Amino acid sequence: MAALNLNMLTENASRLGMRLQETLSEHTRDLAIARGSGSAFLDNPEEKVKNIAKQLDSNSDREKLEAMKRLIALISRGRNVSEFFAQVVKNVASHNLEIRKLVYIYLLRYAEQEPDLALLSINTFQKDLSDPNPLIRAMALRVLSGIKVPMIGSIVVLAIKKCAADISPYVRKAAALAIPKIYHLDSTHQPELIRIISTLLKDQSPLSLGSVAIAFEEVCPTRLDLLHQHYRRLCRTLIEMDEWGQVDLLSLLVRYARVMLPRPIPSNETDAPTQVEVDSDLKLLLTSAEPLFQSCNPAVVLAVARAFYYLGPPSDLPRIVPPLLRLLHISMEVERVVLTNLVLISSALSNVLAKSYVQFLVRADDPRQVKKDKVRLLRAVINAENYASLLREFISYADDADDELVANAIQAIGYTARVVPESTQQCLGALMSFIQSKHDVIVANAVLVLKSLVQIRMQQQQNAVASGGLPSQTFSPLEIISRLARRIDEIRHPKARACVVWLVGQYASSSPTPANNGTTSTAPEGIAPWAPDVLRKMAKSFMQETSIVKLQIVTLAAKLLVLCPSDRTIVLLNRYVFSLARYDLDYDVRDRGRTLSSLLSGVNANIYGESNGEHEDVGGVILRREQVKVVLFDGKASPVEETGKDEDDHGRFGSLAAVTGRWTGSDNYLPDWLEEGISSTLRDSEADMPQAPAYTSQSSAHSIGPSSRASPVILTPSASGGISPSGSMSRQESAKAAYMDLDKFYEDTEEAEESDESDSEEEDGEDDEDTASGSGEGAASTEGEEESEDDDDDGGSNENDRLVQNTAR
């Protein structure tokens, strides 16, 4: 028995497996066919391509559809199939919807190349504008507007005007997208197109409004007066539109607000000094756009952030930071765009961005531009609280393989030393350690940063002394210069060597540091001990230096000669350097040598060591030593601190110009705010009118319904004793005023029901009396009149039946 049960179970299991296999194969058959057919269309040998023309001329819709699919597949692979244009045009009026769609796609691709053949099918396109299918109507308009032949401009305008009044919002959207095409083809139709745009602006469907905004920007971007009556409705409809329509409409509304609405101004109230007065229409736009911060489309989020940045009060600016930070993790492309825009607003929102500086740390796989933007953001958000962490990050970035990132990181260290005084010693220690590096890029950038720090600190000390205070003792600039001067041979980068030579010459007259171990300095009087040695080394390698270094060597020699003209060593070094510069191959070096030699004629008349007969007197004014010192040393301004851009950059944030660095045609340049916006009454529309009268009449109309059903008009067989229709209507009209109170409404309803019951009882009593009188007269009458009386009774009973039916109704 157990063996029998086991065999049955095994047999049932095998049957179930076979049935499942058959079911799966049956359900996946269509999918397998679809996959096979799709891949077959992409693999088109030459034999099948040659048969496409025959298939297009065939009477079978199946062969035509297969041929069109092969053509579209070839187009997707980049092959030119315009040779089949004549055969494809013949099928433009096909009854098969799938064939017609593919034909329209083909014509959109090649109508511009074959305008003459495309003109042959214009009549078909015009007929398709009346097709019951809205998809066919929209595609017909797309193809008609895609034929770039100026002579059919009037026909296309009429087609657009017809589709602009279509019942389908998809067709109206296609009409709006066709407006820029015909405008670029023939701009003489602009007045008619503006009227069509005015009509489309009244559209209540959110589907087409985004395309209308595109047409408006292309055809009449300065006619913002057309938006007055529709501004508030467009703001309310913003959240219901498609994503890309929201982007286009937001851009248009932001520009409208900058031109037509007043700028938010601080309140004059003393109790609330931070309050800002915002126009009601501007607040409507910001309130309607704020929910779009949660959009999944990064372009929408960026457009809303742009609206808040340029339109909102300063208190609303921190709202744009969290949505933008959310976009950093979507993709590398989105991260690139968002970081570029965050850099633009980093100076205005540094305190808010500083809380999320961890998201700006550089990763090893970041692109070069992303690394650059992240370092700039980290520089912008650095403060006394996070400088220690960020300084470690900058030091680690200096070892990166990207030279640009290394330069930016070292410059960020110098920036940290300037903005956070507590970090000065750490920054200087890091920069001095960079000078010992074997990489020229690190050494060069470290020297450049140290040069700027020395200049700034020396200027600060001079200002402090001039104001009667004491200079800061955080670090000694001269000590840094002396260490750089001793390492001049290790610095090989031309720009870095030029910076060190300039620093030595500029600050050679400063008070020298006391010598160590009690030794006395052998330097000339009035000159720092390390300056002449630098001039000796640079004069020795003058011929091997680059032009930028040679210019600074000549300047250093002139400065030391002015400081100590009596020192024989300095005079000989000057004579050697100026002789080399006189015959240098670079004309800039030659000109610098001749200029300085003429300038020093009052200090040393024979700077080239020539005899009296060979010395050439060029004439002119000879300056004294003090005057030459002023020319060479004074007027050297310290580096200018980087400042943020103007608050109003005319819409660069959130535009393509933020990424490309230049304005393009697709960017909306935002004008300046007006002192006072236009009157808000111009934006009033019928939808904004008070609704109180309409609401009262509507409630009255609703209250008439039940009262009329509760007390219907009663029809009686005689005119006496009944209620007339006019009387019933007057009673209803007199009860309208009482319906405004709910208690009175119920009281009147009860009274009306009681009066109806009493009226029906009186009518029943009258009918009984009429019946009794009729029967008495029938008894006293003769037999010859019985038949006529029977007929009268039948008529009366019929009338009573009709009365009962009417009363029931």
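Please read all numbers here as calculations on a predicted model, not as lab measurements. No hydrogens, no waters, no symmetry mates; every other heavy atom, side chains included, goes into these values.
- In terms of modelled atom types and a separation under 3.5 Å, the side chain of Arg683 and the main chain of His230 share no donor-acceptor contact.
- With hydrogens and angles disregarded, a donor-acceptor distance shorter than 3.5 Å links the side chain of Gln246 to the backbone of Met241.
- Neither side chain, Arg195 nor Thr199, offers a donor N or O lying under 3.5 Å from an acceptor on the other.
- For the side-chain contact (heavy atoms from CB on, under 4.5 Å) test with Ile320, the passing option among Leu302, Ile345, Val352, Val304 is Ile345; the others fail.
- Side chains of Lys181 and Leu185 form no contact here, defined as non-hydrogen atoms less than 4.5 Å apart.
- No donor-acceptor pair closer than 3.5 Å links the side chain of Arg652 to the backbone N or O of Ala658.
- Note on Lys54 versus Glu63: no salt bridge recorded, every NZ/NE/NH1/NH2 to OD/OE distance being 4.0 Å or above.
- Under the 3.5 Å distance criterion, the side-chain polar atoms of Gln190 are matched with a main-chain donor or acceptor of Val219.
- At least one side-chain heavy atom of Leu282 sits less than 4.5 Å from a side-chain heavy atom of Pro264.
- With 3.5 Å as the limit, one finds no donor-acceptor pair spanning the side chains of Asp166 and Ser168.
- Under the rule for a side-chain hydrogen bond (donor to acceptor under 3.5 Å, both in side chains), the partners of Asn91 that lie at least two apart in sequence or sit in another chain are Lys64.
- Looking only at atom types and distance, the side chain of Ser58 has no donor-acceptor partner in the side chain of Ser60 under 3.5 Å away.
- Taking the six-membered ring for Trp and the full ring otherwise, the centers of Phe308 and Phe293 sit less than 6.0 Å from each other.
- The shortest non-hydrogen separation linking Gly210 to Asp248 is O-CB, 4.0 Å.
- The neighbour count for His95 NE2, taken as heavy atoms of other residues, nucleotides or ligands under 6.0 Å away, does not exceed 12.
- Looking only at distances, a side-chain donor or acceptor of Ser288 sits under 3.5 Å from a matching main-chain atom of Cys235.
- Of the possible donor and acceptor atoms, one in the side chain of Tyr106 sits under 3.5 Å from a partner among the backbone N and O of Val81.
- Asn297 has its side chain within reach of Trp244: a pair of non-hydrogen atoms, C-beta onward, lies under 4.5 Å apart.
- In terms of modelled atom types and a separation under 3.5 Å, the side chain of Ser145 and the main chain of Arg142 share a donor-acceptor contact.
- Using modelled atom types, no side-chain atom of Arg223 and backbone atom of Ile194 make a donor-acceptor pair closer than 3.5 Å.
- Salt-bridge formation is not detected for the pair Lys283/Asp281: no Lys NZ or Arg NE/NH1/NH2 atom is positioned less than 4.0 Å from an Asp or Glu carboxylate oxygen.
- In this structure, Arg109 and Leu71 have side chains that are not in contact, with every pair of non-hydrogen atoms separated by 4.5 Å or more.
- For the pair Gln204 and Arg233, the minimum side-chain heavy-atom distance is below 4.5 Å.
- Residue-environment remark: CZ (Arg326) exceeds the threshold of 12 foreign heavy atoms within 6.0 Å.
- Judged by distance alone, with hydrogens and angles left aside, the side-chain atoms of Arg172 form a donor-acceptor pair with the main-chain N or O of Ile167 at under 3.5 Å.
- For Glu335 and Lys374, the salt-bridge test passes: some basic side-chain N is under 4.0 Å from an acidic carboxylate O.
- With a 6.0 Å radius and a threshold of 12 heavy atoms from other residues, nucleotides or ligands, Lys101 has its NZ atom above the threshold.
- The aromatic rings of Tyr256 and His228 stand perpendicular to each other, their planes meeting at an angle above 60°, with 30° marking the opposite boundary.
- Between the side chains of Thr188 and Asp186, at least one donor-acceptor pair of N or O atoms lies under 3.5 Å.
- Using a 4.5 Å heavy-atom threshold, the side chains of Ile330 and Pro298 count as touching.
- Residues Tyr110 and Asn80 have side chains in contact (heavy-atom distance under 4.5 Å, counting atoms from C-beta outward).
- Between Ile155 and Gln126, the closest side-chain pair of non-hydrogen atoms falls below 4.5 Å.
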